[in-house]
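Here is the structure we will look at, set down as structure tokens.
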Amino acid sequence: MNSFIFWYHLELFIGFIRLKINIGVSIFLGSLLLGVLFGLGPKNLLTSLYISSTEWSTVRLIIIIVSIMALTGIFSQIGYLKLMEKATKDLFPDEKYSLAALPALIGLLPMPAGALVSAPMIETIADKLKVPPERKTIINYWFRHIWEHSWPMYQAIIITSAILDITVREFSTKMFSLTLVMILVGYLFFLRPIKSQKDKNKNTKEGLKLFLKSTYPIMVIILVSIVLGYDMVYGAFIGFLSALIPHFNKINHKEVVKYALQPKIIFLLLSVMYFKKLLEVTGAVEALPRTIIELNLPVVLVIALTPFLIGLMTGISFAYVGMAFPLLLPFFTGFDRIALAYLSGYMGMLFSPVHLCLVFSAEYYNADLGKVYRAMLIPGLVLFLLGVVYISFLL
């Protein structure tokens, strides 16, 4: 029954997107539908909405996103986005490579919706290269997530290490090849077709100076949240202040506030957190792995399918790790199975319609989400198949 409800809910949710209903509205309607299918009445639905909107995890997320949006607004006003564009022109032999480099830099920060930071950074170059909205979305989204297989600061990797009693270093080292595979697939499918525009008059030294000058607030976030280990909410807010204070008298404060507090973005955040809360309240996510295991499917299929579906439902890497891996622990007889479970969950997360980076990137560029999915399908399949080939050699 739970499996039927899940698939029925997913099909309807995809239907909302195909009808081009606003993404935030689609998620909100899908959340209500999930609650109704699991037997929740109006009172429980409203109570869950109130709790999900006021609990710290949601407030924290909103503070992080608002800080990031405000930081981006300041960047735009003080010309830092132009400096980044100039820096990448000097640092890379071909301008199209900066389309991947900037999201990859932001990808080192394990922050929710980090693609929002890189989206405006690559927009000018992408427009100059005549990159359509859907490809902008994919490039920004794809290269933002290349590190999530192996960067040791990601929560999913840390949780995997704790659950399976292996070192973060061992996991990251063995999985790093998947990061390289994702870079290769992204280049072949998304960057290579873009017509090259090379500039022979490059100044690498000057480009490095401009890059450091224009990205120092991001470096502050890395210092606070990664090097010093404080929560990302502090890193994002302090990073915002580090950009605001030196330029306080030069910027239009109303414009910064207006850019940071966009109603569509706030509603999207609340809708996503409401959906996650209803997954908890209804027990849908917890029931799904047990239902799959009870189907007596082949072990390899159970290992792949369980984290994939949880990743698809939640759009969060540490969710499929934290919820699926404890149940799959008896099946993890070698690192190859661990890696397969992680990769499968990652693929579900990558294609999740509630993944903040995906929906925010599409929203920012006004991209057709259906076209984005279609364009990602073959590259995603290639990434998975090459990953499985690599994993088959792991012990």
Side-chain angles (χ1 to χ4, degrees), residues 51-75 103-119 144-145 147-163 167-169 171-172 215-245 256-257 259-262 265-266 268-277 279-280 311 314-323 325 345-346 349 352 354-360:
I51 294 172
S52 70
S53 300
T54 56
E55 62 187 359
W56 170 242
S57 59
T58 301
V59 175
R60 172 185 175 273
L61 179 61
I62 290 175
I63 292 173
I64 292 172
I65 299 303
V66 168
S67 296
I68 291 170
M69 295 289 286
L71 175 61
T72 305
I74 294 172
F75 271 20
L105 171 68
I106 302 304
L108 294 174
L109 291 168
M111 65 168 67
L116 264 182
V117 179
S118 54
R144 158 73 175 86
H145 292 90
W147 305 111
E148 205 151 351
H149 304 284
S150 56
W151 182 239
M153 294 301 171
Y154 274 94
Q155 291 172 308
I157 294 176
I158 297 170
I159 295 172
T160 298
S161 170
I163 292 173
T167 65
V168 170
R169 181 178 180 180
F171 185 89
S172 296
T215 59
Y216 79 84
I218 298 171
M219 302 304 174
V220 169
I221 297 175
I222 293 174
L223 174 64
V224 173
S225 298
I226 294 182
V227 178
L228 299 180
Y230 290 101
D231 191 293
M232 184 61 67
V233 70
Y234 301 112
F237 187 68
I238 294 172
F240 156 66
L241 291 179
S242 73
L244 173 66
I245 293 172
V256 172
V257 172
Y259 188 83
L261 299 175
Q262 296 183 41
I265 299 295
I266 301 297
L268 178 58
L269 286 171
L270 293 173
S271 297
V272 168
M273 297 308 287
Y274 184 42
F275 177 66
K276 296 186 190 322
K277 174 57 66 176
L279 286 176
E280 296 173 12
T314 63
I316 300 176
S317 58
F318 63 78
Y320 68 75
V321 169
M323 295 174 183
F325 279 29
Y346 179 88
M349 177 201 70
S352 173
V354 293
H355 190 147
L356 292 178
C357 286
L358 177 60
V359 295
F360 279 176

Ignoring hydrogens, what is the shortest heavy-atom contact between Pro103 and Ser118? Give both atom names and the distance.
CA-CB, 3.7 Å
Side chain to side chain contact (heavy atoms under 4.5 Å, CB included), that's the test. Do Trp56 and Ile63 meet it? Break it down for me.
CA-CA 10 Å; Trp56 170 242; Ile63 292 173; 4.2 Å; yes
Could you give all pairs that pass the salt bridge (Lys or Arg N to Asp or Glu O under 4.0 Å) test and reach residues 231-240, with sequence neighbours left out?
Arg60-Asp231
Given side chains that start at C-beta, do those of Ile266 and Val66 come closer than 4.5 Å, heavy atoms only?
yes
Close side-chain approach of Leu270 to Thr58, heavy-atom, < 4.5 Å:
yes
Around atom CZ of Phe237, are there more than 12 heavy atoms from other residues, nucleotides or ligands closer than 6.0 Å?
no
Taking all atoms of both residues into account, what is the closest heavy-atom pair of Tyr259 and Met69, and its distance?
CD2-O, 3.0 Å
Give me the atom names and distance for the closest heavy-atom approach of Trp147 to Ala104.
NE1-O, 2.8 Å
If you look at every heavy atom in Met349 and Tyr320, which pair is closest and at what distance?
CB-CE2, 4.3 Å
Is any side-chain heavy atom of Ile163 less than 4.5 Å from a side-chain heavy atom of Val321?
yes
Of all residues at least two apart in sequence or in a different chain, which pass the side-chain contact (heavy atoms from CB on, under 4.5 Å) check with Ser242?
Tyr216, Pro217, Val220
Would you say Met273 and Ser57 make side-chain contact, with heavy atoms under 4.5 Å?
yes
Is there a donor-acceptor pair closer than 3.5 Å between any side-chain N or O of Ser161 and the backbone N or O of Ile157?
no
Please examine the side chains of Val256 and Ile74, heavy atoms only from C-beta on, and report whether any two atoms are closer than 4.5 Å.
yes
How long is the span from the NE2 atom in His149 to the OH atom in Tyr346, to the nearest 0.5 Å?
4.0 Å
Looking only at non-hydrogen atoms, find the nearest pair between Ser67 and Ala236 and report the distance.
CB-O, 3.7 Å
By ring-ring contact (aromatic ring centres under 6.0 Å, His included), His145 pairs with (sequence neighbours left out) Tyr141, His355
Assess whether side chain to side chain contact (heavy atoms under 4.5 Å, CB included) is satisfied between Leu71 and Leu244, documenting all intermediate values.
CA-CA 8 Å; Leu71 175 61; Leu244 173 66; over 6 Å; no
In terms of heavy-atom contacts, Ser150 and Ser172 come closest through O-OG, 2.9 Å
